[in-house]
Protein chains: 4
Amino acid sequence: MVGRVVPDSALSGAVPPDPGSDQCGWTEREAELLTVTLRLLQSHGYDRLTVDAVATEAKASKATMYRRWPSKADLVLAAFIEGTRESAVAPNTGSLREDLIAIGTSVAAHSREHASTMRAVLNEMSHSADLRAAMQDKFVRHRHRMIEEVLTAAAERGEISTAAINPEIWDVLPGYLVFRSLMSERPPTDETVRALVDDVVLPALQRTRP
Amino acid sequence: MVGRVVPDSALSGAVPPDPGSDQCGWTEREAELLTVTLRLLQSHGYDRLTVDAVATEAKASKATMYRRWPSKADLVLAAFIEGTRESAVAPNTGSLREDLIAIGTSVAAHSREHASTMRAVLNEMSHSADLRAAMQDKFVRHRHRMIEEVLTAAAERGEISTAAINPEIWDVLPGYLVFRSLMSERPPTDETVRALVDDVVLPALQRTRP
Amino acid sequence: MVGRVVPDSALSGAVPPDPGSDQCGWTEREAELLTVTLRLLQSHGYDRLTVDAVATEAKASKATMYRRWPSKADLVLAAFIEGTRESAVAPNTGSLREDLIAIGTSVAAHSREHASTMRAVLNEMSHSADLRAAMQDKFVRHRHRMIEEVLTAAAERGEISTAAINPEIWDVLPGYLVFRSLMSERPPTDETVRALVDDVVLPALQRTRP
Amino acid sequence: MVGRVVPDSALSGAVPPDPGSDQCGWTEREAELLTVTLRLLQSHGYDRLTVDAVATEAKASKATMYRRWPSKADLVLAAFIEGTRESAVAPNTGSLREDLIAIGTSVAAHSREHASTMRAVLNEMSHSADLRAAMQDKFVRHRHRMIEEVLTAAAERGEISTAAINPEIWDVLPGYLVFRSLMSERPPTDETVRALVDDVVLPALQRTRP
DNA sequence: TCATAAGCGAGACGGTACGTCGTGTCTTACG
DNA sequence: CGTAAGACACGACGTACCGTCTCGCTTATGA
């Protein structure tokens with residue numbers, strides 16, 4: 001009654017052999033295929049992207065694509081991960097505000113650029129637990145660590161109290177910026193980042209709990 | 001090179017005849033079709049949903065579907081709007097905190113329930129300016145007004161200073177909660193709402209700018 | 001290890017609803033599709049023929065083709081049957097020799113024209129019992145009856161003895177002519193038919209068994 | 001519009017180095033590959049046979065196959081020739097009838113056994129003049145000479161008149177038997193051969209032209 | 001005795017056809 | 001007239017096969 005049902009394990013091969021590492025594991029050729037995928041993805045969106053188009057553009061064949069990524073969704077996920085692998089180092093400017101601005105600016109830029117792809121990947125996440133796990137591994141964990149480092153350093157410098165750090169909502173800064181990009185009207189600007197840091201995140205962190 | 005190009009005007013008929021009103025304007029039969037659509041949408045996601053399946057399930061014909069909603073995207077948008085039509089009244093408990101908690105709890109519940117559908121609609125928004133506009137009209141504006149009312153009332157009660165209200169980031173509260181639902185790991189809980197209101201939004205609103 | 005295995009029942013839909021009748025049962029549109037198929041088949045041969053090409057040429061779509069004929073082999077079989085539906089009436093010239101010449105000439109012409117298609121269909125017969133049965137029904141039985149009529153009439157006229165009719169080899173005349181067409185070198189000519197009738201078939205029929 | 005066009009010269013290397021000789025010229029390994037090819041060919045037919053399958057079955061590599069036989073058609077032709085290399089000597093029993101029965105029985109047996117392969121090769125003949133030529137060389141000429149020898153001997157013995165030998169239809173005996181095998185329903189039996197020789201070929205040869 | 005080459009297995013690759021399926025349009029027949 | 005049923009053109013998906021190609025490994029020859 002309801003169309004094509006792809007086996008749930010379809011996305012198992014989407015991640016490179018060593019998922020825990022930050023190494024990407026793709027061949028040069030594979031990276032090229034992913035780059036083409038990403039470009040077409042950004043310009044046309046998920047469902048207007050055809051695997052044939054990627055193959056043709058990259059002078060490859062569909063079989064080559066499907067040998068590596070067993071479905072279009074896998075391909076797009078891989079391209080997304082490849083394309084958004086951001087600088088892994090947490091900023092360390094000596095000032096909490098500057099660190100947060102740096103993180104926010106980076107997140108805003110990346111999420112603006114890859115908004116269309118993120119929407120596609122989010123949509124695919126509804127179907128695949130593997131995709132959710134990969135997303136978690138590749139993004140959330142990474143950002144979590146980065147923000148933790150920044151906050152810990154600020155606490156050590158005495159800028160904030162460790163009591164102000166709430167793990168329930170550690171990702172307000174990147175989360176809201178991503179939300180703004182996803183909604184596509186009013187994508188986040190530098191001013192957004194500044195206001196978010198100065199008027200929301202810093203007051204929240206620097207407050208003295210009553 | 002890149003496939004199917006749907007005319008951009010496809011979404012013109014997506015909204016019921018009287019878009020400004022809060023009345024929905026759908027026939028009982030139409031509402032039934034939208035309900036079926038919504039159910040299949042939630043269980044299968046956007047691209048695994050087929051118009052054929054909806055029609056068959058509802059003992060309708062494809063022509064009937066397309067006569068009302070000129071494309072699959074329109075149908076899904078209409079179903080989404082139908083399914084997420086929330087209470088239009090802003091809370092007025094007399095306490096800013098209570099108002100914010102009420103809004104946050106409502107947003108969290110709705111976004112959790114319709115996460116899959118929202119992902120689908122977000123994805124479609126990449127393609128259609130009309131869809132973006134409809135989304136804006138139906139949700140953002142509505143929430144904007146609601147939050148504005150609450151904040152204005154609080155300012156009138158002297159709970160906050162109007163200077164603390166930053167229109168750049170008025171939607172941190174709902175935005176972050178929606179983000180959490182979209183990411184599907186760690187969907188927002190009541191505790192999330194409480195922490196967000198108490199530790200982030202209220203400190204931000206109540207701060208005295210240095 | 002060995003490629004594509006199509007279910008054996010694949011050819012079940014290849015014959016029109018009423019296989020026993022001589023009516024063809026095809027819609028006008030379907031006949032048109034088969035005509036295009038036959039033309040491309042004759043000019044390119046079986047494995048250089050693509051269903052896509054047929055569809056494009058006939059301004060149809062692949063789905064339309066596959067809705068009627070569940071595989072390329074079915075399509076080709078149907079086209080072959082359609083294309084070689086010959087005049088159903090047995091000749092009756094009053095002379096056995098003339099009757100045999102008429103049959104032989106007709107068989108030679110048809111088999112020459114459709115040699116390529118026949119080779120393809122023969123090849124497909126290796127796989128499908130249904131195809132064999134259809135072939136039997138459409139061709140062999142028909143010719144058998146035709147020749148039987150002619151011989152019976154000749155026996156009634158006293159031209160031959162019924163004892164000379166050997167059911168083991170009733171199809172030497174058409175069989176050898178078809179063989180000549182299939183081998184494609186030395187396709188049968190009118191002289192072939194004449195020699196076959198005068199020097200082989202008639203002597204065989206008119207001999208007095210020792 | 002119509003697909004893959006293989007260069008017509010593809011079959012140039014299909015015959016062993018010394019085409020005139022009756023020696024086969026294949027290495028032991030090559031003969032083994034052809035044997036596997038022949039087996040798969042008989043069980044699956046031409047287009048269900050894959051070069052990959054042959055290579056895997058024979059623990060060879062595709063490169064090895066294509067180094068020897070530049071295309072699938074070449075491979076199949078070679079396997080066919082290898083598999084049907086029959087006794088080259090014409091029978092000489094001293095009796096025309098016995099000679100013809102011997103030839104017919106041999107042809108019937110061979111054509112029954114290799115019917116599937118013959119259908120495949122016939123089908124390929126549509127495309128390749130080289131294959132046609134090879135077929136002609138390997139089979140037709142050989143049989144032609146064999147039958148000529150038998151008939152000449154019979155004429156020398158006075159069993160038949162040389163005037164009765166008609167070169168237009170010298171191959172009625174083998175041709176009809178092959179036809180019967182190709183049609184696969186009613187493959188030729190010993191009785192078929194006997195009837196064909198006694199009731200058709202001998203009367204034709206022994207007739208006195210009016 | 002070792003090295004240089006030639007043949008082989010394994011299998012990735014570009015290309016292309018197959019057969020399936022979903023969208024959006026259109027026709028037919030029913031009420 | 002609106003509707004259910006469903007055929008239709010279009011085009012993407014994912015699979016499979018052909019013929020070419022590279023990679024190592026083995027074996028056989030030549031210095």
Quiz prompt | Those residues that, when tested against Glu30(C), pass side-chain hydrogen bond (donor to acceptor under 3.5 Å, both in side chains) (two or more places apart) | solution = Thr27(C), Arg68(C)
Quiz item: If you check the Arg67(C) side chain, which of dA12(E), dG14(E), dA7(F) turns out closest?
Solution: dA7(F)
Self-check item: Closest-nucleotide 5' rank along DNA chain E - winner of Lys72(B) and Ala58(A)
Solution: Ala58(A)
Quiz item: Expressed in angstrom and rounded to an integer, what is the separation of Glu30(B) atom CD from dG2(F) atom P?
Solution: 12 Å
Quiz prompt | Distance in angstrom units between Arg68(D) CZ and dC18(F) P, rounded | solution = 18 Å
Quiz item: Charged N to carboxylate O below 4.0 Å: is that the case for Arg39(B) and Glu57(B)?
Solution: yes
Quiz item: Rounded to the nearest Å, what distance is computed from the CZ atom of residue Arg48(C) to the C1' atom of nucleotide dC18(E)?
Solution: 18 Å
Quiz item: Where the side chain of Lys59(D) is defined as all heavy atoms beyond and including C-beta, which of dA4(F), dA10(E), dC18(E) is the nearest nucleotide?
Solution: dA10(E)
Quiz item: Within this structure, what is the CE-to-C1' distance between Met65(B) and dG2(F), rounded to whole angstrom?
Solution: 16 Å
Exercise. Write down the distance between CH2 (Trp69(A)) and C1' (dA12(E)), rounded to a whole number of angstrom.
Key: 13 Å
Quiz prompt | Where protein sits on nucleotides 25-31 of chain E, one letter per nucleotide: B base, S sugar-phosphate only, - none, heavy atoms under 4.0 Å | solution = BB-----
Quiz prompt | Given DNA chain E, 5'-ward residue of the pair Thr64(A) and Thr64(D), judged by closest heavy atom | solution = Thr64(D)
Self-check item: Protein-nucleotide distance (Leu75(D), atom CG; dG19(F), atom P), rounded to Å
Solution: 10 Å
Practice problem: Side chain of Val51(D) only, please: which of dA17(E), dC18(F), dT3(F) is the nearest? | Solution: dC18(F)
Quiz prompt | For Ser116(C), side chain to side chain contact (heavy atoms under 4.5 Å, CB included) partners two or more places apart | solution = Arg119(C), Ser126(D)
Quiz item: Arg67(A): what forms a salt bridge (Lys or Arg N to Asp or Glu O under 4.0 Å) with it, not counting sequence neighbours?
Solution: none
Self-check item: From CA spacing to verdict: side chain to side chain contact (heavy atoms under 4.5 Å, CB included), Leu38(D), Glu82(D)
Solution: CA-CA 9 Å; Leu38(D) 200 60; Glu82(D) 171 74 9; over 6 Å; no
Quiz item: How many Å lie between CG on Asp52(C) and P on dC13(F), as a whole number?
Solution: 15 Å
Quiz item: Excluding sequence neighbours, so at least two apart, what forms ring-ring contact (aromatic ring centres under 6.0 Å, His included) with Tyr46(D)?
Solution: none
Quiz item: Between Asp74(A) (CG) and dC13(F) (P), how many Å, whole number?
Solution: 13 Å
Exercise. With sequence neighbours left out, write down each residue that passes side chain to side chain contact (heavy atoms under 4.5 Å, CB included) with Ser61(B), or none if nothing qualifies.
Key: Ala63(B), Thr64(B)
